[in-house]
Amino acid sequence: MTTIQLFGFAGSTYVRSAMISCEELGLNWELAPLEFGKASHLALHPFGKMPVLQHGSVCLYETAAILSYLNDLRDPAVLVPADPIDKARMWQIVSICNDYAYPALVKASFADDASTIDTEPAGRCLDALSTLIGQGTYLAGDRFSLADIVFEPMLTQYLGSVPAAGKQLEDRPHIAQWHRGMLQRPAIVSAYKEIQSA
Ligand SMILES: N[C@@H](CCC(=O)N[C@@H](CS)C(=O)NCC(=O)O)C(=O)O
């Protein structure tokens, strides 16, 4: 199969989600350099973000679309639940991640002084996801899905940058347990190894 090129930086949480998906699906992929903000970048992504996927003649931006495409390269597709309720739950969580968790956990973590940020919005995201996961092992349904793949890098970024994050996670034991499980998943372990060597 033609190598999948992921344009972006390994530090980006959304690029990480694409890397984890490729690892989980056993796809042949590589990170490709991006001249951030330059004309060559805007030609790939008119909004100047990352990741961008290039696979043969297919060029895609927007992470949810990229992850859905990667999943459908595998037959049977494995990262989107077949059950309609689990599938709706998965897209609900991806949307929560994009609209609420990304600003609250990721953008906030880039503040000049992460020890002074308002952690209430992140706490609200963790509470919502805690309610949705209940006693489960995965965020949506009983299998690893795109919901886990999108949220895991966001939480890891937040925990690595915001001093109050550890206590916030400790206060939500189901999410803490979910995160421990995610960090042991082989696809996530190997994606993070790639990130360290990138
Ligand atoms: N809606 C986009 C968001 C992508 C996004 O915000 N990526 C971040 C990196 S995690 C980015 O490109 N940030 C650079 C910037 O905002 O200047 C998607 O789903 O792919």
Side-chain angles (χ1 to χ4, degrees), residues 4-25 27 29-55 58-73 77 79-80 87-112 114 117 119 121-122 125-126 128-129 139-140 144-162 165 179 182-183 187-188 190-198:
I4 292 157
Q5 289 191 298
L6 299 175
F7 289 84
F9 306 150
S12 148
T13 56
Y14 282 122
V15 172
R16 290 178 177 188
S17 295
M19 293 166 79
I20 292 168
S21 294
C22 287
E23 287 292 320
E24 183 71 28
L25 295 163
L27 300 169
W29 67 279
E30 64 187 16
L31 265 188
L34 197 61
E35 290 186 302
F36 191 78
K38 299 272 171 63
S40 60
H41 179 193
L42 296 177
L44 289 168
H45 196 313
F47 300 97
K49 306 279 185 190
M50 62 185 86
V52 175
L53 169 146
Q54 182 97 53
H55 185 214
V58 177
C59 188
L60 278 173
Y61 58 86
E62 291 305 296
T63 305
I66 290 171
L67 302 189
S68 168
Y69 173 79
L70 293 171
N71 182 55
D72 289 342
L73 290 175
L79 296 175
V80 174
K87 187 179 179 172
R89 189 69 74 205
M90 184 203 80
W91 289 120
Q92 178 189 18
I93 292 171
V94 169
S95 191
I96 290 171
C97 289
N98 288 336
D99 289 349
Y100 314 119
Y102 187 79
L105 280 77
V106 181
K107 275 206 173 141
S109 77
F110 289 114
D112 286 341
I117 64 161
T119 55
C125 292
L126 293 173
L129 294 174
L139 287 176
F144 185 67
S145 77
L146 300 187
D148 303 297
I149 288 176
V150 173
F151 187 56
E152 192 287 324
M154 294 187 182
L155 182 56
T156 294
Q157 166 70 27
Y158 186 65
L159 288 168
S161 317
V162 176
H179 191 238
M182 289 298 111
L183 292 180
I188 295 185
S190 51
Y192 281 121
K193 266 196 200 131
E194 293 280 344
I195 289 161
Q196 274 153 14
S197 63

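Each ligand, and each atom within it, is numbered from 1 in the order the structure gives.
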Inset, instruction - Answer yes or no for Phe9: is there a heavy-atom contact with ligand 1 below 4.0 Å? - result: no
Inset, instruction - Provide, to 0.1 Å, the distance between atom 1 (N) of ligand 1 and the closest protein heavy atom, together with that atom's residue and name. - result: Glu62 OE1, 2.7 Å
Legend entry - Contact partition for Phe47 relative to ligand 1, non-hydrogen atoms under 4.0 Å: neither
Legend entry - Atoms of ligand 1 close to Thr13 [distance to a heavy atom under 4.0 angstrom, numbered from 1]: 10 (S)
Inset, instruction - Would you mind finding which of Met154, Gln157, Met50 brings a heavy atom closest to atom 7 (N) of ligand 1? - result: Met50
Legend entry - Shortest protein contact, atom 10 (S) of ligand 1 (heavy atom only): Ser12 OG, 3.0 Å
Legend entry - Interatomic spacing from CD1 in Ile149 to OG1 in Thr63 - rounded to 0.5 Å: 12.0 Å
Legend entry - Shortest non-hydrogen separation from Ser190 to Glu23 and the atoms involved: OG-OE1, 2.8 Å
Inset, instruction - Verify the neighbour count for atom CD of Glu35: are there more than 12 heavy atoms of other residues, nucleotides or ligands below 6.0 Å? - result: no
Inset, instruction - Among all protein heavy atoms, pick the one closest to atom 3 (C) of ligand 1 and tell me residue, atom and distance. - result: Tyr14 CE1, 3.7 Å
Inset, instruction - Considering heavy atoms of the protein only, find what lies nearest to atom 13 (N) of ligand 1 and give residue, atom and distance to 0.1 Å. - result: Lys49 CD, 4.1 Å
Inset, instruction - Could you tell me the separation between the CE atom of Met19 and the CD1 atom of Ile188, rounded to the nearest 0.5 Å? - result: 12.0 Å
Inset, instruction - To the nearest 0.5 Å, tell me how far Met154 CE sits from Ser109 OG. - result: 11.0 Å
Inset, instruction - Decide if atom OH of Tyr192 counts as having more than 12 heavy atoms of other residues, nucleotides or ligands within a radius under 6.0 Å. - result: yes
Legend entry - Protein heavy atom at shortest distance from atom 8 (C) of ligand 1: Tyr102 OH, 3.4 Å
Legend entry - Heavy-atom proximity to atom 20 (O) of ligand 1, best of Asn98, Thr63, Val94: Thr63
Inset, instruction - Report yes or no: does a heavy atom of Phe36 sit under 4.0 Å from some atom of ligand 1? - result: yes
Legend entry - Donor on one side chain, acceptor on other, Gln157 and Thr13, under 3.5 Å: no
Legend entry - Residue that, paired with Tyr14, satisfies ring-ring contact (aromatic ring centres under 6.0 Å, His included) out of Tyr102, Tyr61, Phe9, Phe7: Tyr102
